[in-house]
Amino acid sequence: MPGTERDLEGRVALVAGATRGAGRGVAVQLGARGATVYVSGRSTTGRRSEYDRPETIEETAALVTAAGGRGVAVVADHLVPGQVEALVGRIDSEEGRLDVLVNDIWGGERLFEWESTVWEHDLDKGLRLLRLAVETHAVTSHFAIPLLLREPGGLVVEMTDGTAEYNASRYRVSFFYDLAKSSVLRMAFALGHELGPRGATAVALTPGWLRSEIMLEAFGVTEENWRDALEKVPHFAISETPSYVGRAVAALAADPEVSRWNGKSLSSGQLAGVYGFTDLDGSRPDAWRYMVEVQDPGRPADTTGYR
């Protein structure tokens, strides 16, 4: 199957926000193809972040190494420029290069309010969400991209929720959530203009309905019995593991013609069709096409032809 080769040996990646969810999936799949992966975040064995969840960056680094790469955990708050500068300086001193930057910092799960207007939404939480989801990406890019540009062929992946096409015509959750995810999409577009002439590539990438640790817990299931949630939420049948979008990033990183995607908005399902990778169960869920053609029009849940 595509993606089983070790074609990323000698490559160095930074997955910013790799403690859990998509970030962890990306880090592990880069490691599975032989990369050295620096994983950063605030949740460490010594101190939990404001998420107050059990996952840690040390666990992610160990999973990267177990998958066949080399995982390096670095504690960093990406809202603190000095910490990000030190993180990139460490990568420079230890590796002398950076080939892949994945901006997956989020941290807003407990900050947004569903269907809450800008005047009803808690202002402090909304502004905190924007800082965590947008400002962190800008800070990280500011310090990391000069190192990434040292060698030609570098890749920057801006992780978001929704494609540019989907989000352009749909209200996403609330004012602050919508603004955050749209901002990240635009970041990738802007970075494409700045990086393309300098021999590097920037893309925005969205997973589909992600079976993250938080999502599984919210539905009262595990990865082993996740289909039990379909009784209450039938459309969850289109969901995917974090490894799926991880394989999308690994495929992009290994593609010698990755520049064809510069500045574009991409999805895991779309790239699976191009590169031939699958999710862990061998399926290829195409969640955003499913959303448009099945879920949004209110049709009964049926993933036939979509995974």
Side-chain angles (χ1 to χ4, degrees), residues 1-41 55-74 95 98-106 148 153-161 201 203-213 215-216 223 226 239-256 258 261 266-287 307:
M1 187 197 83
T4 57
E5 58 272 22
R6 293 180 57 80
D7 48 7
L8 295 180
E9 283 193 85
R11 306 282 285 281
V12 179
L14 166 59
V15 182
T19 309
R20 60 184 66 81
R24 176 173 283 190
V26 169
V28 171
Q29 292 305 316
L30 289 170
R33 291 173 76 154
T36 292
V37 187
Y38 284 75
V39 297
S40 63
E55 302 87 15
T56 68
I57 55 170
E58 290 89 351
E59 289 173 350
T60 300
L63 289 169
V64 171
T65 301
R70 184 168 71 90
V72 183
V74 183
E95 311 294 340
L98 180 63
D99 302 285
V100 181
L101 167 63
V102 181
N103 269 326
D104 185 57
I105 311 138
W106 166 228
L148 181 129
L155 171 67
V156 177
V157 179
E158 287 287 340
M159 298 292 293
T160 188
D161 174 24
T201 299
V203 302
L205 178 62
T206 179
W209 196 337
L210 194 70
R211 293 201 300 275
S212 65
E213 299 90 345
M215 182 62 69
L216 291 169
E223 182 55 35
W226 68 270
S239 64
E240 62 197 56
T241 73
S243 293
Y244 193 48
V245 74
R247 288 176 172 177
V249 173
L252 289 169
D255 183 359
V258 69
W261 303 113
L266 309 170
S267 72
S268 51
Q270 171 194 3
L271 292 180
V274 174
Y275 290 108
F277 61 85
T278 69
D279 204 345
L280 296 179
D281 63 0
S283 69
R284 288 192 181 121
D286 191 352
R307 67 174 309 142

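Heads up: numbering here begins at 1 and tracks the sequence.
In terms of modelled atom types and a separation under 3.5 Å, the side chain of D99 and the main chain of A13 share no donor-acceptor contact. For the pair R307 (side chain) and S239 (backbone), a donor-acceptor distance under 3.5 Å is present. The backbone N or O of G208 sits less than 3.5 Å from a side-chain atom of E240, completing a donor-acceptor pair.
One finds the OG1 atom of T19 at 10.0 Å from the CD1 atom of I105 (value rounded to the nearest 0.5 Å). With rounding to the nearest 0.5 Å, the separation of CG in D161 from CH2 in W106 is 8.0 Å. Between the CG atom in L8 and the CZ atom in R33 there is a gap of 5.5 Å [rounded to 0.5 Å]. The line from CG of N103 to OG1 of T160 is 11.5 Å long, rounded to the nearest 0.5 Å. Remark: T241 OG1 to D281 CG distance equals 7.5 Å, nearest 0.5 Å. Within the model, atoms OG1 of T201 and CG of L155 stand 6.5 Å from one another, a figure rounded to the nearest 0.5 Å.
Ring planes of F277 and Y244: perpendicular class, angle over 60° (limits at 30 and 60°).
Within the 4.5 Å cutoff, no side-chain heavy atoms of Q29 are placed close to those of V249. By the 4.5 Å heavy-atom criterion applied to side chains, W209 and M215 are counted as neighbours.
For the residue pair S40 and L14, the shortest heavy atom distance occurs at OG-CD1, 4.0 Å. Of all non-hydrogen atoms in V39 and A18, the two that sit nearest each other are CB-CB, 3.6 Å. Contact detail for V15 and G23: the closest heavy-atom pair is CG1-O, 3.5 Å. Nearest heavy-atom pair, A22 versus M159, reported as atom, atom and distance to 0.1 Å: CB-CE, 3.9 Å. Taking both residues in full, the closest heavy atoms of R6 and G68 are given as NH1-O, 2.8 Å, listed atom of the first, atom of the second, then distance. For the pair T60 and A27, the tightest heavy-atom approach, listed with the atom from each and the gap, is CG2-CB, 4.0 Å.
Counting only N and O atoms by type, the side chains of T36 and E95 include no donor and acceptor under 3.5 Å apart.
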task: Take L280 and R247 through the test side-chain contact (heavy atoms from CB on, under 4.5 Å) and record every step on the way to the result.
output: CA-CA 10 Å; L280 296 179; R247 288 176 172 177; 3.5 Å; yes
message: side-chain contact (heavy atoms from CB on, under 4.5 Å) for V245 and V26? Distances and angles first, verdict last.
response: CA-CA 7 Å; V245 74; V26 169; 4.3 Å; yes
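Residue pairs meeting the salt bridge (Lys or Arg N to Asp or Glu O under 4.0 Å) criterion with at least one partner in residues 13-29, sequence neighbours excluded, are R20-E55, R24-E59.
For P242, the side chain to side chain contact (heavy atoms under 4.5 Å, CB included) partners at least two apart in sequence or on another chain are L210. Residues passing the salt bridge (Lys or Arg N to Asp or Glu O under 4.0 Å) test with E213: none are found, sequence neighbours excluded.
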